[in-house]
Amino acid sequence: MYFPSIPKIQFEGVKSNNPFAFRFYDKDKVVAGKPMRAHLKFAMSYWHTLCSESTDMFGAGTRCMNFGGTTPLEISQNRVAAAFELMEKLEIEYFCFHDRDIAPEGATLRESNENIDRIVPLLKQEMERTGIRLLWGTANCFNNPRYMNGAATSNDADVFAYAAAQIKKALEVTTALGGSGYVFWGGREGYETLLNTDTGRELDHMAALMRMAVDYGRKIGFAGDFYIEPKPKEPTKHQYDFDGATVLAFLRKYGLEKDFKLNIEANHATLAGHTFQHELRVARDNRAFGSIDANSGDTLLGWDTDCFPTNVYDTTLCMYEVLKAGGFKNGGLNFDAKVRRPSNTPEDIFLAYIAGMDAFAFGLLVADKLLADGCLEQFVAKRYASFDSGIGKKIESGATSLEELSAHALAAGEPHPSSGRQEYLESLINQYIVLTGQTL
Ligand code: XUL
Ligand code: CO
């Protein structure tokens, strides 16, 4: 046992004073026809949870994540046991990993692949024992210095080939473990200066690698979704997958839109100058909603802080979009989140997950109530009612022309636009948060 002081976390309700209990996440409680756990599909991020020692630019790690191991392989082996103990105790049913999270990078590509092959059977065994599943896998094509100029968008064809080899292996492992998703996050895919960069050529290369990944994945039986995870910057100054709209244009340009959906990360949305809800809406409007990396930024800091999400206003609006999108299919809520550097005990990791899971569970309850009552829907439907008949209906059906619209405007005179009632709607969300709390 790696976390002997931590009990199995149970639902105890909103009045519980036990820090190691859920107040809102009641996994089997039925909401809108299915249990909370099926709506939320929580996943553990292997990298933050098992690997990160909370180093930052100015300081060393504040906690040791070796789990008693002394060699890199032994550490990786122990991490498997620790990961499943943690997920079982938190009743988290899914996890996500990069190739290099689960096994150490070796001196050669062959050695790295062999390291992976030693860990995968352990993961498989634990997955079979617990029923915990792989939400998505990915390849870390950003950490090693070989990727300093990019991976798929490197100027060096040998680097491109190396990334392709890593992705091939990661796809094989994801498929062997029954993963329902495969993520592309292009942390180094972008540029530092346009003076040395052929952007058109780099984007062609990036699409070519994704096309090869789809072809190979389908060939070996990967039936899940491919995802692109947009992010505007960090580590690269300008990343090609800037935001949802940019990514959708890229996918359509290269004919990749049928195989790819979006993995929306809250903190990436805010870095792009959008809200989390905005990015979810763009994905939903384009039928490209796939999965979520759940976290939050810090409004005072301009980088990817990957904080655990605890703001129930944000989780409410997130779950509202998820429910409106028809819920998760292959995707889920992956906590791409890390404890703060001074939160340096194993207990803190559990408390952080409890906080995040509870915040999303509560958000789900509020969103469900909002949707069941339909007050936002009714307001929005009424707001656009002028398009339901007359000239509005003709505009929507494409049955009018500038000539007819000009005649209409001349006859109708000055329009009288209606109030958007923003402040009222914001207070309505507050009211629903309180009302939902009162039902618990
Ligand atoms: C980095 C990030 C990644 C991706 C997977 O900001 O979000 O961890 O989720 O590579
Ligand atoms: Co992420």
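Positions are given from 1, in the same order as the sequence printed here. Both ligands and their constituent atoms are indexed starting at 1 by order of listing.
Considering CD1 of Ile292 and CG of Asp336, their distance stands at 12.5 Å, rounded to 0.5 Å. Rounded to the nearest 0.5 angstrom, Asn140 CG and Ile102 CD1 are separated by 12.0 Å. Ser296 contributes atom OG, which lies 10.5 Å from atom CD of Glu265 (distance to the nearest 0.5 angstrom).
Close contacts of ligand 1 with Asp304, meaning ligand atoms under 4.0 Å from a residue heavy atom, involve 6 (O). Within ligand 1, the atoms closer than 4.0 Å to a non-hydrogen atom of Trp47 are 8 (O), numbered from 1 in the order shown. Atoms of ligand 1 lying under 4.0 Å from at least one heavy atom of Asp293, given by number and element, are 9 (O). Near Lys231, meaning under 4.0 Å from any of its heavy atoms, are these atoms of ligand 1: 6 (O).
The N, O or S atom of Glu229 with the smallest distance to the Co ion (ligand 2) is OE2. Checked against the Co ion (ligand 2), the N, O or S atom of Asp293 at the shortest distance is OD2. Taking the Co ion (ligand 2) as reference, the nearest N/O/S atom within Glu265 carries the name OE1. The Co ion (ligand 2) is closest to atom OD2 of Asp336 (considering only N, O or S atoms).
The closest donor-acceptor contact from the side chain of Asp293 to the backbone of Asn263 lies at 3.5 Å or more, if one exists at all.
Tyr162 carries Arg146 over the face of its six-membered ring, with the cationic atom under 6.0 Å from the centre and within 45° of the normal.
Below 3.5 Å of separation, one finds an N or O of His268 facing an N or O of ligand 1.
Of the protein's heavy atoms, Glu229 OE1, 2.7 Å lies nearest to atom 9 (O) of ligand 1. Atom 10 (O) of ligand 1 has its closest protein heavy atom at His98 NE2, 2.7 Å.
Just one of Lys329, Lys261, Lys258 meets the salt bridge (Lys or Arg N to Asp or Glu O under 4.0 Å) condition when paired with Asp225; it is Lys261.
The existence of a salt bridge linking Asp348 and Arg63 is excluded, since no basic side-chain nitrogen approaches an acidic carboxylate oxygen closer than 4.0 Å.
The aromatic rings of Phe360 and Phe335 sit perpendicular, their planes meeting at an angle over 60°, well past the 30° parallel limit. Ring geometry for His205 against Phe160 counts as perpendicular: the plane angle is over 60°, on a 0 to 90° scale with 30° as the lower cut.
Contact annotation for Asn267 and ligand 1: no heavy atom of the residue comes within less than 4.0 Å of the ligand.
Glu234 does not count as a contact of ligand 1, since none of its heavy atoms falls under 4.0 Å from the ligand.
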